[in-house]
Structure formats: structure tokens, C-alpha cells
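Single-structure report; data block below.
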Amino acid sequence: MIEQLKGRPLLTWLDFEASDIRSLLELSQTVKAQGRRGEVHQRFAGKTLAMLFEKRSTRTRCAFETAFGEEGGHPVFLSGQDIQLGAKESLEDTARVLGRMFSAIQFRGFKHSTVETLARYSGVPVYNGLTDDYHPTQALADIMTLEECFGPSAGKKLCFVGDGRNNVARSLLVICSKLGVNFTVITPAQLVPDRALVEKCAPLSVASGAKIRVTDSIEEVQGADAIYTDVWISMGEEDKKEERVRLLRPYQVNQELMNKTGRKDTVFLHCLPAVKGEEVTAEVIDGPQSRAWDEAENRKHTIKAIMLATLGC
Ligand code: CP
Ligand code: NVA
């Protein structure tokens, strides 16, 4: 097991060494293979997981809940309607109490500072299941899927086409910078990833050899191993719909854009949920180049690996 990860929270990949991320990818492959062979393990027996959700979720909730439960653990789903999450009692106090009753905590919600506070005060591993700023468990599944298609991800070209400032693009920027994946963000000037994060990732990419590009030109998909997109309007940003559609319409991933890579084996990735007809056409996401469904399945394997490592199971 990956001893040094025991007890650690996962808030963003910025806090992890590349070698630790690689170990988690290997463990993800192992648990996927175990599942395929029909092996039954009870590695979370006697453990409990609090699953806090301020925002909706299909994949993340189901991945955490099934990965934990099928190994004998007891996951407890708690929506913002159910508990005092910063209401009536302080977030710090909620974190302290949860830490006394649960082995680990998953949080999905708005402010990144909430998941940081939970990690600081609970004393147990806390997993970021998506905040306004980051979606790290998604990024691990994305790299796992890329590697299933093309082998080791270092030196591969991944292009994110769409809202370059969102949580998914930001997490890909971090993990690619760490792992040496050449990452191109293709987005209009108004939606580039924030400068502070790009500057934080610059030395990481120098160390790993990753080439990081931010551009508004869709022609830069040339040679890409994978094209990735996400919704134009993330949860909590519904009031931005009109502006986003206007800015991002030219960045829709359709067959014409896929063909611009000049490669027939380029794959299409999407974290899901997808709004077909906006950021991607049905032809592409339901077509032969799409690996979005493998990617969704890999959420479960990668999340199980993260929990196994951080709980020391
Ligand atoms: N990709 C992802 O996080 O999906 P959900 O919002 O359904 O959890
Ligand atoms: N950027 C999207 C990701 C959903 C998984 C959102 O935050 O809504």
C-alpha cells in the first residue's frame, strides 16, 4: 500500500508528489482488474464515510458510495438540507464532530475554503468531490482513461476546449503539470485559467517536462491524443448562461473540430454530465472516438484507490 498517503486529505493535486499520483494510478488499475475478475474484498469493513453534498451529483456520489459500500464500509449521504453545514453552528464545529464519528469525509459544494476547513478541523481524510475551484478526483480518472488508450501519459497531448477557467480545466492543468502531460487549454480570452494558478503550475511543468499552452485558437488541437470538454455553465453559474453560450459557441466539440487533430485515433473525453448540442455534439460523444463512458466508470476505480491509500487499508 502507499504508506505515505495514509491520513492525507485530497483537496487539490497541488499537494501531491507526481510519484504519489502515479502510485494512485497503478492502484486504480489494480482495483479495476480485481473488480473485473469478480474478486470480493472487505477493505473498508468497520469504516464510515460522511458524504456531504451542497451541489447535485450522479457520478461522484455513486462512485464514492458504491466503492466504499461494496468493500464493507458504511457511507452516509448528507445533503445541505440535512445537516448544519455552516448554519446554526460553525463549520469548524461540524468538522470536529464529523471527525469523531467518521473515518473520512467527502465534500461537494461551492467554496473551496469549506473543504479546506473540513480538512483542517476534522482530523480525518477529507476528499474534494468538486468545489468551484477544483475537481481532483475527476482529473485522476481522466488520466487513467488517457493511459488506457495510449499508455503512459507523459508526453501525450491533451486539449481542453471550452470554459478554461472552470474547476475541471483547473484540475487538469495541475495534474498534467505534475505528470508531464502536454496540456493545451483552448478557450476565449475572457475565460482563460487564472494567472495565479498558471504561475503556480509553471515550475511544476518545468520539472515534469509538460508543455502547457493557453490559446484561443481551435487550430491548436492539431496532433492531439485527446480532446476534452465540459459544460459551458458550471453548477452555481446559471446566471452566466447567455454570455457563456455567446463566447463558447465557436468552441463546440463537433466532428469538424475532432478532424482538425489530423489523427483518426484521437479520443474524446468529457467529465459528464454533458449538454449535447452545446459543448459537444451527440455525433461526437456517442460516436466511436468517445471514451466518456470508460472515463465515468474509472471515477469509481480511482476513488476507491484514493480511499484505500488515504485510509491505509
Ligand atoms: N463528473 C462528475 O463529477 O459528475 P457528477 O456531477 O454527476 O458527480
Ligand atoms: N464544471 C462542472 C463539472 C461537473 C462535473 C460543474 O462544476 O458543474
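- In this structure, the side chain of Ser171 engages the main chain of His135 through a donor-acceptor pair within 3.5 Å.
- Ion pairing between Asp15 and Arg8 fails under the 4.0 Å rule for side-chain N and carboxylate O.
- With a 6.0 Å radius and a threshold of 12 heavy atoms from other residues, nucleotides or ligands, Glu238 has its CD atom above the threshold.
- For Phe77, the ring-ring contact (aromatic ring centres under 6.0 Å, His included) criterion is met by Phe53, not counting sequence neighbours.
- Residue Arg108 is tested with Arg56, Glu54, Met235 for a side chain to side chain contact (heavy atoms under 4.5 Å, CB included); the sole match is Met235.
- Under the side chain to side chain contact (heavy atoms under 4.5 Å, CB included) test applied with Arg165, the options Val192, Asp133, Leu191, Val185 reduce to a single match, Leu191.
- Shortest non-hydrogen contact noted between Leu85 and Phe107 is CD2-CE1, 3.8 Å.
- Here the closest non-hydrogen pair linking Lys156 and Val181 is O-CG1, 3.6 Å.
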Could you go through Ile303 and Gln106, starting from their C-alpha distance and side-chain angles, then the distance that decides it, and tell me whether this counts as side-chain contact (heavy atoms from CB on, under 4.5 Å)? CA-CA 11 Å; Ile303 280 171; Gln106 185 283 162; over 6 Å; no
If you apply the rule salt bridge (charged side-chain N to carboxylate O under 4.0 Å, His left out), what do you find for Glu147 with Arg22, and how did you get there? CA-CA 11 Å; Glu147 297 199 337; Arg22 288 239 53 89; 3.0 Å; yes
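- A donor-acceptor pair under 3.5 Å links the side-chain atoms of Ser90 to the main chain of Asp93, judged by distance alone.
- Counted within 6.0 Å of CD on Glu92, heavy atoms from surrounding residues, nucleotides or ligands total more than 12; the atom is thus considered enclosed.
- A donor-acceptor contact under 3.5 angstrom links the side chains of Gln252 and Asn254, judged on distance only.
- Of the possible donor and acceptor atoms, one in the side chain of Lys157 sits under 3.5 Å from a partner among the backbone N and O of Gln222.
- The stretch residues 259-268 participates, sequence neighbours left out, in these side-chain hydrogen bond (donor to acceptor under 3.5 Å, both in side chains) pairs: Glu219-Lys260, Asp225-Arg263, Gln255-Asn259, Thr261-Thr266, Arg263-Asp265.
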With side-chain contact (heavy atoms from CB on, under 4.5 Å) as the test, would you mind laying out the steps for Leu272 and Thr58 before giving the verdict? CA-CA 9 Å; Leu272 304 173; Thr58 300; over 6 Å; no
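- Heavy-atom neighbours of Glu39 CD from other residues, nucleotides or ligands within 6.0 Å: above the threshold of 12.
- Looking at every heavy atom in both residues, Ile285 comes nearest to Ala274 through CD1-CB, 3.6 Å.
- Remark: the backbone N or O of Arg299 is paired with a side-chain donor or acceptor of Thr302 at under 3.5 angstrom.
- Judged by distance alone, with hydrogens and angles left aside, the side-chain atoms of Thr187 form a donor-acceptor pair with the main-chain N or O of Gly162 at under 3.5 Å.
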Test side-chain hydrogen bond (donor to acceptor under 3.5 Å, both in side chains) on Tyr134 and Arg170 and set out the steps. CA-CA 6 Å; Tyr134 295 104; Arg170 287 167 52 92; 3.1 Å; yes
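- Leu130 and Leu78 fall into different hydrophobic clusters, where Ile, Leu, Val, Met, Phe, Trp and Tyr residues are linked whenever their side-chain heavy atoms come under 4.5 Å apart, directly or through other members.
- Salt-bridge formation is detected for the pair Arg61/Glu65: a Lys NZ or Arg NE/NH1/NH2 atom is positioned less than 4.0 Å from an Asp or Glu carboxylate oxygen.
- Results of the salt bridge (Lys or Arg N to Asp or Glu O under 4.0 Å) test with Glu278 over Lys241, Arg249, Arg244 single out Lys241 as the only residue that passes.
- For the side chain to side chain contact (heavy atoms under 4.5 Å, CB included) with Asp230, the lone residue among Leu172, Val161, Asn167 that qualifies is Asn167.
- Under a 3.5 Å cut-off, the side chain of Glu71 and the backbone N or O of Arg43 do form a donor-acceptor pair.
- Within 6.0 Å of NZ on Lys55 lie more than 12 heavy atoms contributed by other residues, nucleotides or ligands.
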Would you please test Glu148 and Asn298 for side-chain hydrogen bond (donor to acceptor under 3.5 Å, both in side chains) and show each step? CA-CA 10 Å; Glu148 285 178 340; Asn298 287 339; 3.0 Å; yes
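- Heavy-atom neighbours of Gln42 CD from other residues, nucleotides or ligands within 6.0 Å: above the threshold of 12.
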Go through the steps for Lys111 and Thr131 under the test side-chain contact (heavy atoms from CB on, under 4.5 Å), then give the verdict. CA-CA 6 Å; Lys111 290 187 198 153; Thr131 59; over 6 Å; no
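- Within the 3.5 Å criterion, the main-chain N or O of Pro188 finds no donor-acceptor partner in the side chain of Asp216.
- Interatomic distance, CG of Leu14 versus CG of Leu204, reported as 6.5 Å (0.5 Å rounding).
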Does the pair Val31 and His41 meet the rule for a side-chain contact (heavy atoms from CB on, under 4.5 Å), with working shown? CA-CA 10 Å; Val31 300; His41 294 272; over 6 Å; no
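- Note on Ile212: it clusters hydrophobically with Ile143, by side-chain heavy-atom contacts below 4.5 Å among ILVMFWY residues.
- Side-chain atoms of Ser79 and Asp82 form a donor-acceptor pair, as typed in the model, at a separation below 3.5 Å.
- A donor-acceptor pair under 3.5 Å is formed between the side chain of Trp13 and the backbone N or O of Pro136.
- Checking each of Arg36, Arg59, Arg291 against Glu297 for a salt bridge (Lys or Arg N to Asp or Glu O under 4.0 Å) leaves exactly one that passes, namely Arg36.
- For the pair Thr48 (side chain) and Ser103 (backbone), a donor-acceptor distance under 3.5 Å is present.
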